Undergrad: 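Take this structure first; my questions come after.
None of these values were measured; they are calculated from a predicted model.
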Amino acid sequence: MLSLPPTVRVFVAVEPVDMRGSFDALAGAVRRLGLDPVDGHLYLFFNRRRRLAKAIWFDGSGVVPLIAET
């Protein structure tokens, strides 16, 4: 279980993302939206079938990559 501070906003991508890319590629996707991947918010991405999720979150000391598969 991930416990997030109340100041963290969660952004969920509405379009599927190619999960073959690295977490750096996901950070690039965040930047293309005009956001900063190290601003302390959580960014959640899904693949086309919604069976794989990847998230990135900067906790203040580094970027925390998260992966979940159903």
Side-chain angles (χ1 to χ4, degrees):
M1 174 180 258
L2 180 65
S3 234
L4 299 172
T7 57
V8 173
R9 294 170 60 189
V10 178
F11 293 91
V12 180
V14 295
E15 294 294 323
V17 174
D18 184 1
M19 292 297 176
R20 294 174 293 180
S22 67
F23 284 98
D24 289 332
L26 294 179
V30 171
R31 286 187 189 99
R32 283 190 296 279
L33 295 172
L35 301 169
D36 186 7
V38 294
D39 62 4
H41 300 304
L42 186 133
Y43 298 94
L44 182 62
F45 302 90
F46 291 96
N47 68 341
R48 185 172 34 120
R49 293 182 183 159
R50 304 269 189 224
R51 299 196 69 190
L52 180 65
K54 287 185 179 179
I56 54 174
W57 173 51
F58 184 76
D59 68 354
S61 63
V63 175
V64 180
L66 307 164
I67 302 173
E69 187 171 356
T70 60

Undergrad: Taking side chain to side chain donor-acceptor pair (under 3.5 Å) as the cut-off, I'd like each qualifying pair that reaches into residues 56-69, sequence neighbours left out, listed once.
TA: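 Sorted pair list: D59-S61.
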Undergrad: State yes or no: do F46 and L66 share one hydrophobic cluster built from I, L, V, M, F, W and Y residues joined by side-chain heavy-atom distances below 4.5 Å, directly or via other members?
TA: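 F46 clusters together with L66.
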Undergrad: If the condition is side-chain contact (heavy atoms from CB on, under 4.5 Å), which residues does F23 pass it with, not counting sequence neighbours?
TA: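 Result, side-chain contact (heavy atoms from CB on, under 4.5 Å) vs F23: L26, K54, I56, P65, I67.
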Undergrad: Which atoms form the tightest heavy-atom contact between F58 and P37, and what is the distance?
TA: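 Looks like CB-O, 3.8 Å.
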Undergrad: Pairs of donor and acceptor atoms involving the side chains of residues 5-15, under 3.5 Å and at least two apart or interchain, shall be tabulated with distances.
TA:
none

Undergrad: With sequence neighbours excluded, tell me which residues meet side-chain hydrogen bond (donor to acceptor under 3.5 Å, both in side chains) with D18.
TA: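 Checked D18 against side-chain hydrogen bond (donor to acceptor under 3.5 Å, both in side chains); matches are R20.
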Undergrad: According to the side chain to side chain donor-acceptor pair (under 3.5 Å) rule, which pairs have a member within residues 28-52, sequence neighbours left out?
TA: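 Listed once each, the pairs are D39-Y43.
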Undergrad: Going by side-chain hydrogen bond (donor to acceptor under 3.5 Å, both in side chains), name the residues that satisfy it together with S22, two or more places apart in sequence or in a different chain.
TA: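 With sequence neighbours excluded, S22 shows a side-chain hydrogen bond (donor to acceptor under 3.5 Å, both in side chains) to no residue whatsoever.
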Undergrad: Under the rule for side-chain contact (heavy atoms from CB on, under 4.5 Å), what residues qualify as partners of S3, not counting sequence neighbours?
TA: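 If we apply the side-chain contact (heavy atoms from CB on, under 4.5 Å) test to S3, skipping adjacent residues, there are no hits.
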Undergrad: Quick check on the hydrophobic clustering: are V17 and L44 connected, directly or via other members, by side-chain heavy-atom contacts under 4.5 Å?
TA: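 No: no chain of side-chain contacts under 4.5 Å links V17 to L44.
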